[in-house]
Amino acid sequence: MQFSLISDTFEKMEATTKRLELTQHLVDLFKVTPRESISKIVYLIQGKLRPDFEGVELGVAEKLAIRAIAKSSGSSVRKIQDLFFEDGDLGHAASKALEQKTQTTFLMQQITAERVYDTLFKIAKLEGARSQDMKMKYISSLLNDATPQEAKFILKIAMGTLRLGIADNTVMDALAIAYTGSRANREKLEAAYNVSSDLGRVAEIVAEKNLDGLDEFHVSLFSPIRPMLAERVKSAAEASEKLGKEFAAEYKLDGERVQIHLGEDRVILFSRRLENITSHYPDIVENIPKALKTQEIILEAEAVAINENTGEFLPFQELMHRRRKYNIDRIVSQYPITVNLFDIMYLNGKDLLNSTYVERRKKLEDITTENEFVKLVPKIIVRSENEVEDFLENGINAGCEGLMLKVLDAPYRAGARGSNWLKLKREYRNELGDSLDLVVIGAFFGKGRRTGKYGTLLLATYNQENDAFESICKVGTGFTDENLDQLYQILSNKVTLKKNPRIESGMEPDVWFEPELVIEIVASEITLSPVHTCAKDIVRKGSGLALRFPKFTGKIRDEKAPEDASTDQEVVTLYRNQKKVTQNVSEV
Ligand code: AMP
């Protein structure tokens, strides 16, 4: 397949922000994609080479790419650096450099998509002393045969800066339309994606066998399952209203969610975002098999940092130390953890997703022998609001964030947020202290002490229906100097020239970011806003919702994907509940 078909599609996609048009461009592309190449094309669209859990990282350094562009275009390194500094995008620099190339090579071959993919794959696998030179040669060999437009997208993919403004849902819509004739079949594709976390494979099977092929997808060891998510509630009363007379309450621990796969004498750990994080927790790998009476299993647990002397839970931030490549053994003893099991999805060849919560919990208890390191998350069955309140109080005293409340006869709904699991956090009980997880979409430069950093951040909620990020507030308080440095470091890698099409904002910050980073915010109140776009027109025509006196809590929630951020609907609920409370107060 000619790579130009892909670069033409990407060019058109960059020019629009409309979801329907973006989907149609993908449908057109899929219709001309040979079956044997569809998985590669889907990964490239996702800006990857393989699903996240395989950990295949492109790893091309800027310097190296600049040298490759210089070599292929016959320009100096200096010239390419200048082009790069013009707009900060190496893709543009490459296409401009090739446009200005004076000598043409007559041997130029048309580049195929398969060649681009395979070359990038080889680059990702290169290691060792001579790998830098080899990487440069590989990129340069592609650029020698590329048109300026192709060069632009090859570089964007290689550098991880391809931003098409689409989420996995849009790719699934397009696959459903292209291969099954109807967008309505998206759900079936999604079900396959939920248990495999591999969109390339889903595309391959649906392209080959249409819907029939999707039966092949089952839970399997060492393929992560997309996690089940919870809705929030504000009070025990609201939970009872939603869950009925009897439900389970578990401590909600403030750590890192870990999906544990054990079998064939191996343990593999996946994060909530389905990355392989086995190397962060050698202590889990060592200790988990000792606590389980089983051969093959997929479990979910919360890894929580603890105070070694008192055994008390410590906040989530302590786990940040684990995210490093070197000296992990020292870190393991310096920052000890416990592993707290709360679900089981697979046991000795049997998929348990359709078993009820009660059945799964029972299995989990049957196979676990608790010890110092491996525990079961504390759980009770509750039948009244008072029991919820008491258990919440106990949980908070034990250092938890709140409770998870779970429907007793509900299955494990992979990849879904629904009311079978509810989260009741401590903060939600206090009208003025609601915490929200918001996506950083832009920033304004700081002044004074904050010169050269981002002084104020522009934040957004997630709108599931439109797959969009809608602005809700600017935040400039709650940051320590250390926070500001850390955020600058993280965010300066996410700067984009143009606003990402998934962002809806009435405000123009000094810089836009890829909507990727989630941070936690508290605020005093939610108000109507003429500027912000969160829940626009829902509460009142022409108005959105905004946070009043927002403040950063110090928590960077980098275990969360932007689609896991608080939603516009949650904010509408908070707004309406807050109105009820104020009305009640003024009536008194
Ligand atoms: P939130 O991050 O606020 O959306 O809450 C969901 C997260 O709570 C999950 O992703 C888990 O990491 C964490 N969690 C802590 N305790 C539990 C529990 N008992 N059951 C399910 N999730 C839990």
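For the numbers below, each heavy atom of this structure counts, side chains included, while hydrogens, waters and symmetry mates do not. Atoms within each ligand, like the ligands themselves, are counted from 1 in listed order.
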Which of the numbered atoms in ligand 1 are below 4.0 angstrom from a heavy atom of E302? 11 (C), 12 (O), 13 (C), 14 (N), 15 (C)

Considering only heavy atoms, which of L341, L253, V518 lies nearest to atom 15 (C) of ligand 1? L253

Quickly, which of L299, I344, V374 forms a side chain to side chain contact (heavy atoms under 4.5 Å, CB included) with L292? Name it, please. L299

Decide whether the shortest distance between a heavy atom of K560 and an atom of ligand 1 is less than 4.0 Å. yes

Let's go through D254 and K555 carefully: what are the C-alpha distance in whole Å and the side-chain angles of both, what is the deciding distance for salt bridge (charged side-chain N to carboxylate O under 4.0 Å, His left out) to 0.1 Å, and is it a yes or a no? CA-CA 11 Å; D254 187 19; K555 290 190 184 176; 3.4 Å; yes

Atom 8 (O) of ligand 1: which of E250, K252, R557 has the nearest heavy atom? K252

Below 4.0 Å, non-hydrogen atoms only: which portion of R272 touches ligand 1? Side chain, backbone, both or neither. side chain

Please determine, by modelled atom types, if S384 and N386 share a side-chain donor-acceptor pair under 3.5 angstrom. no

Over all heavy atoms of both residues, which pair between P289 and L262 is shortest? Give the atoms and the distance, please. CG-CD1, 3.7 Å

Which atoms of ligand 1 have any heavy atom of K423 under 4.0 Å away? 1 (P), 3 (O), 4 (O), 5 (O)

Tell me whether the NZ or CZ atom of R360 lies within the 45° cone about the ring axis of Y412 and under 6.0 Å from its centre. no

Consider ligand 1: state whether an atom of it lies below 4.0 angstrom from any non-hydrogen atom of K425. yes

